[in-house]
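Given the structure is predicted, the values throughout are model-derived calculations rather than measurements.
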Amino acid sequence: MKKLKIMSVFGTRPEAIKMAPLVKELEACEDVESICCLTGQHREMLDSVMEIFGLQSDYDLNIMEQRQTLSTITTKTLLGMEGVIEAARPDMILVHGDTSTTFAGALSAFYHQIPVGHVEAGLRTWDKYSPFPEEMNRTLVGDIADLHFSPTVANADNLRREAIGGEIFITGNTAIDAMRYTVRPDYVFHTPLLNRLDFSGKRVVVLTCHRRENYGQAMEDIMRATAKLAEDHPDVEIVYPVHLSPVVRECAARYLGGRDRIHLIDPVDVQEMHNLMARCYLVMTDSGGLQEEAPALGKPVLVLRRETERPEAIAAGTVKLAGVCYDEILAMANTLLDDPDAYAAMAKAVNPYGDGYACRRIVQAIRWHFGLEERRPADFRA
């Protein structure tokens, strides 16, 4: 019997982290031929994820260039995908989330009249410029996709509110699946500094900050608040894996460089980050994925953004929206450091994002769509 050809297209580290366990699930399926296409929107960070999960790409567009723009990412992906699709002739193309790779990959599939499956579908802030360009990317992909794999009920409801076409499945988030491969109590860090940290005697705060909409005053306020936090709490160590963006690195060096107990390190791979979060005290981030991953490890999260497309975590109590203003960030962080009850309430809240079997549900849904599975998979419920 002819195998079902499913092509997974991704190009950034966050996409790779969440797609890797799905690719492995597809590879384990006897009646599926899994095809992996990388765009290379990120390069070094993407390659490290592939190595950790033991994955090989079938196609690599290698589009990354210095100071690339949204236009160059999109056009180079579209042009590169033409040859890949003609050579591979997939039955379905899977894209993830909300990057420029996601949008261009889905658009290319549409141009070739190939069905699209959207992993992590239905997240919305309802502000097309925040996060930018992610909100519009995922909204446009929603109009293209035939199968929508929503992590939560609220995500699925967003799509129904938009009267979106295609089948909607509630699967949980594949980020939780990924941690089954990466987090280990006996893990030894590759980054020497992380092995020297005193996780039992100090309270380690993990910081990430890189989003385009935070460039400028917002990012400066985040950095200033972080510096003050370390200054006011002698038992706090802050670890900041600094994004490769020159804008981010310049800001981090200006406000946080050379300070006691603030460690600016190069970006770490997914295994390092997951195990760092597993041992830390608190996460402060403008990342989307960390809002899902850290609660699964029992770590409170302060989101350094004006809004979040992941309101389920706020409702569950695992996440608080700290905003991007100096005073508000500092006040919320101080509460979690000074009030044990406030900290415990967040650390012990139930993670609404998954049970580690999202990928299995997605593969079942794809097989059901193509008539290879008798029953529609049951929806995930937190």
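- Using modelled atom types, no side-chain atom of T171 and backbone atom of A358 make a donor-acceptor pair closer than 3.5 Å.
- Salt-bridge formation is detected for the pair E167/R376: a Lys NZ or Arg NE/NH1/NH2 atom is positioned less than 4.0 Å from an Asp or Glu carboxylate oxygen.
- Side chain of E135 to main chain of W126: a donor-acceptor pair is present (N/O by atom type, distance under 3.5 Å, no hydrogens or angles).
- With H243 as reference, V248 is the one residue of D266, T208, V248 to meet the side chain to side chain contact (heavy atoms under 4.5 Å, CB included) rule.
- Side-chain contact of T39 with T101: a donor-acceptor pair under 3.5 Å is present, judged by distance alone.
- A donor and an acceptor atom, one from each side chain of Q271 and N275, are nowhere located under 3.5 Å apart.
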Legend entry - Worked check of side-chain contact (heavy atoms from CB on, under 4.5 Å) between L282 and R203: CA-CA 8 Å; L282 167 67; R203 292 186 291 179; over 6 Å; no
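- Put simply, the side chain of D91 gets close to the backbone of K5: a donor and an acceptor are under 3.5 Å apart.
- Hydrophobic side-chain contacts under 4.5 Å tie F132 into a cluster, directly or through other members, with L70, Y129.
- Using modelled atom types, one finds a donor on one side chain and an acceptor on the other under 3.5 Å when comparing T102 with T99.
- You'll find the side chain of I238 stays beyond 4.5 Å of the side chain of R261, heavy atoms only.
- Test R138, Q291, R124 against E309 for side-chain hydrogen bond (donor to acceptor under 3.5 Å, both in side chains) and you get one pass: R138.
- Counting only N and O atoms by type, the side chains of Y353 and T318 include no donor and acceptor under 3.5 Å apart.
- At least one donor-acceptor pair closer than 3.5 Å links the side chain of S150 to the backbone N or O of A121.
- The hydrophobic cluster containing V9 does not contain V119, counting ILVMFWY residues as joined when their side-chain heavy atoms lie under 4.5 angstrom apart, directly or transitively.
- Under a 3.5 Å cut-off, the side chain of R361 and the backbone N or O of I170 do not form any donor-acceptor pair.
- Although no hydrogens or angles enter the test, the distance criterion places a donor-acceptor pair under 3.5 Å between the side chain of R211 and the main chain of D286.
- Ion pair D177/K24 not flagged as a salt bridge, since none of the NZ, NE, NH1 or NH2 atoms sits closer than 4.0 Å to an Asp/Glu carboxylate oxygen.
- Among T335, N334, L336, the single residue meeting the side chain to side chain contact (heavy atoms under 4.5 Å, CB included) criterion with D338 is N334.
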Inset, instruction - For salt bridge (charged side-chain N to carboxylate O under 4.0 Å, His left out), just list the numbers for E120 and R310, CA-CA rounded to whole Å, side-chain angles, deciding distance to a tenth of an Å, and then say yes or no. - result: CA-CA 11 Å; E120 198 177 88; R310 293 168 171 84; 3.3 Å; yes
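- A donor-acceptor contact shorter than 3.5 Å links the side chain of D146 to the backbone of V116.
- Salt bridge absent: K228 and D327 never bring a charged side-chain N and a carboxylate O closer than 4.0 Å.
- The local environment of CZ in R254 is crowded, with over 12 non-hydrogen atoms from other residues, nucleotides or ligands closer than 6.0 Å.
- Using a 4.5 Å cut-off on side-chain heavy atoms (C-beta onward), H210 and S245 make no contact.
- Side-chain contact check for R180 versus Y357: some heavy-atom pair is nearer than 4.5 Å.
- Side-chain contact between V301 and P295: present, with at least one pair of heavy atoms (C-beta onward) separated by less than 4.5 Å.
- Y240 is not listed as a side-chain neighbour of I265, based on a closest heavy-atom distance of 4.5 Å or more.
- The 12-atom threshold is exceeded at CZ of R381, counting heavy atoms of other residues, nucleotides or ligands nearer than 6.0 Å.
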